[in-house]
Amino acid sequence: MLKNYLFSQDSTLASPGPSSGQSAVVQTAMYVRADGSGNWYFSTQTNAFTERAWQYAAGFIFVYSNDKTLAHGYIKTGPPDGSGTIDAFAVGGKDSWIAEHWPELFSQRCYFYVSDAVLGLIGTGQNDLPNTNNIATDNGFSGLTLLPARLVNGGAAYALSVSGGPPTDWVEEVGASGSSGQGTFTGGTGSTSTGDDDDDDDDDGGGGGSDDGS
């Protein structure tokens, strides 16, 4: 029965987290959606509280892993696509691992992750982003397995609705009619699991550390 259900979760995280005693550099709203056929989608919108050159990392991993040491998810790092203090992106794809382990993934939710770096702040430790593997190690895993991904609607990033799910042209954009095997979401009855909002840069249940680029 769970094959017929959609999974969705969202959260808004700030980095550095309030426990660090520092003012937030970035705040990111993130949204994950997946289904029992292996389709997945991840969208973000990030606001920076600085006009200096900045970059960030944002991603998610599934809480469940059949390997116990390798996390499965997606993370993007780097500068914003344009100038200013707002950036957004959306990616998606299809992975047989999701379909094979759908009941466990559906019930155990996701961890979210945000990190930041402000370029040129000498002596602050914020010149470099941490290794992307931190999204795994901060949540008890030793490594990260990236889901196969393709950008979705990248040319209109600022128009994305972070909590609204994939755009209507999702099928065409991820190549459902091509050789990739990706397709539309199949769930029809719907099931939503909303993450507890917090201001740390790892979502509840994660490592709870402050990955602010130090």
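Numbers for residues simply follow the sequence, beginning at 1.
S11 and F112 get closest at one heavy-atom pair: CB-CD1, 3.6 Å. The heavy-atom pair separating Q55 from P80 by the smallest distance is CA-CD, 4.5 Å. T132 approaches L144 most closely through the heavy-atom pair O-CD2, 4.2 Å. When every heavy atom of A136 is checked against every heavy atom of G143, the shortest pair comes out as CB-O, 3.3 Å. Nearest heavy atoms, S37 versus K94: O-CE, 2.9 Å. The nearest pair of heavy atoms linking V26 to S115 is CG2-O, 4.3 Å.
One N or O on the side chain of T50 and one on the backbone of R52 form a donor-acceptor pair closer than 3.5 Å. Of the possible donor and acceptor atoms, one in the side chain of S142 sits under 3.5 Å from a partner among the backbone N and O of T69. In terms of modelled atom types and a separation under 3.5 Å, the side chain of S65 and the main chain of L70 share a donor-acceptor contact.
Defined by atom type and a distance below 3.5 Å, a donor-acceptor pair is missing between the side-chain atoms of D138 and N134. Between D87 and Y56, the side chains place a donor N or O and an acceptor N or O closer than 3.5 Å (distance only, hydrogens not considered).
For the pair S15/V25, no side-chain contact is recorded, criterion being any heavy-atom separation below 4.5 Å from C-beta on. Residues P130 and Y113 form a side-chain contact, since some pair of their non-hydrogen atoms from C-beta on lies under 4.5 Å apart.
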*Applying side-chain contact (heavy atoms from CB on, under 4.5 Å), run through K76 and F89 and close with a yes or a no.*
CA-CA 9 Å; K76 178 184 175 183; F89 69 86; 3.7 Å; yes

*Could you check E104 against F62 for side-chain contact (heavy atoms from CB on, under 4.5 Å), going step by step and ending with a plain yes or no?*
CA-CA 10 Å; E104 296 90 347; F62 290 106; over 6 Å; no

*Kindly determine whether I98 and L147 satisfy side-chain contact (heavy atoms from CB on, under 4.5 Å), including the steps that lead there.*
CA-CA 9 Å; I98 294 177; L147 300 172; 4.3 Å; yes

*Might you work through the side-chain contact (heavy atoms from CB on, under 4.5 Å) test for V32 and F7, ending with a clear yes or no?*
CA-CA 8 Å; V32 171; F7 167 94; 4.1 Å; yes

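Under the ring pair (Phe, Tyr, Trp, His ring centres under 6.0 Å) criterion, F141 pairs with no residue at all, not counting sequence neighbours. With sequence neighbours excluded, the residues satisfying ring pair (Phe, Tyr, Trp, His ring centres under 6.0 Å) with W97 are H72, H101.
The line from CZ of F60 to CG of N139 is 12.5 Å long, rounded to the nearest 0.5 Å. The structure places CG of D35 at 11.5 Å from CG of L105, a figure rounded to the nearest 0.5 Å. Atoms CD1 and OH, from I135 and Y111 in turn, are 11.5 Å apart once rounded to the nearest 0.5 Å. For the atom pair M30 CE and T46 OG1, the distance stands at 7.5 Å (nearest 0.5 Å). Atom-to-atom distance recorded for D95:CG and N39:CG is 10.5 Å, nearest 0.5 angstrom. Interatomic distance, OH of Y31 versus CD of Q9, reported as 10.5 Å (0.5 Å rounding).
The aromatic rings of W40 and Y74 sit tilted, their planes meeting at an angle between 30° and 60°.
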